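Every value quoted in this text rests on a predicted model; they were computed, and no experiment measured them. Sequential numbering from 1 along the given sequence is applied to the chain's residues.
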Amino acid sequence: MRGINRVIISGNVGGNITFGPTPGGTDACSFQVASDRHTQSGMITAWVKINAYGENLVRLCRGRLAKGQYVIVEGELMNRDGVHGELTEVRAREVIFI
């Protein structure tokens with residue numbers, strides 16, 4: 001059976017925004033989104049790393065993305081090896097600027 005891998009997250013852009021090619025030469029942009037969740041004991045902020053690939057989406061991010069900008073990101077979860085083990089990140093299919 002085929003699974004469904006779809007993520008929608010909204011929040012404010014924080015941290016560094018980086019642009020550059022992947023090792024394969026594809027345009028890429030990486031940034032973090034701070035998404036708040038309210039609990040009985042207060043608010044918890046989850047920081048989620050977003051990766052955007054492809055000329056059109058990266059061009060859009062380059063022109064509009066800024067620290068503090070509120071965005072909605074639709075994409076899929078992806079895993080990759082990091083310095084301290086496996087990382088789970090979001091591969092953006094669409095970024096909506098609010």
Taking all non-hydrogen atoms of both residues, which atom of [X] and which atom of [Y] are closest, and how far apart?
X	Y	result
A66	V13	O-CB, 3.5 Å
G15	K67	N-CE, 3.8 Å
I72	S10	CG1-CB, 3.9 Å
N12	G68	ND2-O, 2.9 Å
C61	C29	CB-SG, 3.9 Å

Next on the checklist: Other residues, nucleotides and ligands only: do more than 12 of their heavy atoms fall within 6.0 Å of CZ on R80?
Outcome noted: yes
Next on the checklist: Would you say CG of N16 has more than 12 non-hydrogen atoms from neighbouring residues, nucleotides or ligands within 6.0 angstrom?
Outcome noted: no
Between atom [atom1] of [X] and atom [atom2] of [Y], what is the distance when rounded to the nearest 0.5 Å?
X	Y	atom1	atom2	answer
M78	Y53	CE	OH	3.5 Å
E55	T26	CD	OG1	11.0 Å
R93	L57	CZ	CG	12.0 Å
E89	N79	CD	CG	9.0 Å
E86	D81	CD	CG	6.5 Å
N56	D27	CG	CG	9.5 Å

Would [X] end up clustered with [Y] when hydrophobic side chains under 4.5 Å apart are linked, directly or stepwise?
X	Y	answer
V48	L77	yes
W47	I9	no
F31	Y70	no
I50	I8	no

Checklist entry - Do side-chain atoms of Q32 reach the backbone of I17 as a donor and acceptor pair under 3.5 angstrom? => result no
Checklist entry - Taking the side chain from N51 and the backbone from R91, do they hold a donor-acceptor pair closer than 3.5 Å? => result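 No, N51 side chain to R91 backbone: no donor-acceptor pair under 3.5 Å.
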Item to check | Any residue meeting side chain to side chain contact (heavy atoms under 4.5 Å, CB included) with I4, in chain and number order, not counting sequence neighbours | outcome: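 Once residues adjacent in sequence are excluded, the partners of I4 under the side chain to side chain contact (heavy atoms under 4.5 Å, CB included) criterion are R6.
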